[in-house]
Amino acid sequence: MQLFSLTLGLALLGSSGGGGQDFQVLQPWPSAQASAGETLMLNCTVTKRGLPGPVKWLKGSGSNHQLIYAEIGSFPRVTRAVPSSVSDYSIHISDIRPEDAGTYYCVKFKKEPPDEEYQRGTGTVVSVGGLSTSAASAVGGAACVLVLLLLIAIYFYLRKRRGLSRHSPRSIYTGSSWHSPVPAALRQLQQPPAPTRSPAPTSDPSSCPHQPNDGKDKNILYAELLHVSGAQLPQKSPVGEQTEYAVIKAAPAASR
């Protein structure tokens with residue numbers, strides 16, 4: 001009985017030790033490459049459930065590592081490929097960026113406060129190239145659309161300028177100078193109105209009113225002063241010196 005108990009205990013101990021030794025974290029791909037904007041898949045599987053504890057993805061090693069994915073937390077660009085699997089811990093990283101380049105490790109932790117690293121995979125080196133084919137196609141399409149819009153804008157601009165130059169008057173060389181023809185209606189609008197002139201005062205003595213004739217000097221004529229429209233008016237004379245008539249003495253005509 002004692003021998004049977006001892007044999008059973010050794011068997012259970014061997015089974016427990018063998019389970020720990022059989023557990024492995026496998027990362028089948030030592031390297032992976034992706035273009036910017038693509039979605040990258042990193043593979044990781046475990047051989048058996050092993051000790052209780054989470055499996056996490058880390059970037060880098062040592063104290064400077066970066067947590068990429070864990071069951072608890074928010075990781076917008078990272079999702080599990082098989083969410084309900086207990087052996088497949090592969091992940092998808094969307095919208096790959098140049099800063100995502102580095103070495104990624106799939107790590108098994110023991111469930112102890114805090115979690116203690118139990119075993120990690122060999123790592124996958126990720127390199128990020130230029131734009132992906134789809135991203136390059138999108139950029140090329142956008143560039144083509146911009147060029148097309150620019151050509152359309154240039155076409156309408158030149159067409160508008162051509163229409164304006166067609167309706168604008170052109171200069172004509174007459175031999176001595178250049179003249180710009182203007183339509184008759186426009187010339188009439190451009191010409192200033194002619195100033196109106198008042199009729200000049202008549203020199204006929206009979207038409208001048210109030211011609212006093214006392215018989216003393218027949219060579220003296222009296223004329224009423226009229227102001228011509230537009231002429232500059234003289235300054236007013238002092239009070240008492242105003243007169244309504246101007247005396248003009250005409251010299252007798254010389255005999256021939």
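The chain is numbered in sequence order, starting from 1.
Checked by atom type and distance alone, the side chain of Lys110 never pairs as donor or acceptor with a backbone atom of Gly53 at under 3.5 Å. With hydrogens and angles disregarded, no donor-acceptor distance shorter than 3.5 Å links the side chain of Thr103 to the backbone of Gly123. Judged by distance alone, with hydrogens and angles left aside, the side-chain atoms of Thr39 form no donor-acceptor pair with the main-chain N or O of His92 at under 3.5 Å.
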Take Trp57 and Val78 through the side-chain contact (heavy atoms from CB on, under 4.5 Å) test and state the conclusion after the steps.
-> CA-CA 10 Å; Trp57 278 90; Val78 184; over 6 Å; no
I would like to know whether Ile93 and Leu42 meet side-chain contact (heavy atoms from CB on, under 4.5 Å); could you show each step before the answer?
-> CA-CA 8 Å; Ile93 303 178; Leu42 297 178; 4.0 Å; yes
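The closest side-chain heavy-atom distance from Ile91 to Tyr104 is not below 4.5 Å. Within the 4.5 Å cutoff, the side chain of Val107 has no heavy atoms near those of the Val25 side chain. Within the 4.5 Å cutoff, no side-chain heavy atoms of Leu51 are placed close to those of Phe23.
If you chain together hydrophobic residues whose side chains sit under 4.5 Å apart, Phe75 and Val126 fall into the same group. Under the 4.5 Å side-chain heavy-atom criterion for grouping Ile, Leu, Val, Met, Phe, Trp and Tyr, Leu148 is not connected to Val145 through any hydrophobic cluster.
With sequence neighbours left out, the side-chain contact (heavy atoms from CB on, under 4.5 Å) criterion links Ala101 to Val128.
The OG atom of Ser35 sits 10.5 Å away from the CG atom of Leu40 when rounded to the nearest 0.5 Å.
Looking at every heavy atom in both residues, Ser90 comes nearest to Met41 through CB-CE, 3.9 Å. Across every non-hydrogen atom of Tyr89 and Cys106, the tightest pair is CB-SG, 4.4 Å. The minimum heavy-atom distance linking Pro54 with Asp115 is given by the pair CG-OD2, 3.5 Å.
The list of disulfide (SG to SG under 2.5 Å) pairs with a residue in residues 68-97, not counting sequence neighbours, is empty.
A side-chain donor-acceptor contact under 3.5 Å links Thr124 and Gln27.
Checked options Val147, Leu146, Ile154; the residue passing with Leu150 is Ile154 (criterion: side-chain contact (heavy atoms from CB on, under 4.5 Å)).
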For residues 61-71, please give each side-chain donor-acceptor pair under 3.5 Å, one per line with the distance, not counting sequence neighbours.
| residue | atom | partner | partner atom | Å |
| --- | --- | --- | --- | --- |
| His65 | ND1 | Gly62 | O | 2.6 |
| Glu71 | OE2 | Arg80 | NH1 | 2.8 |

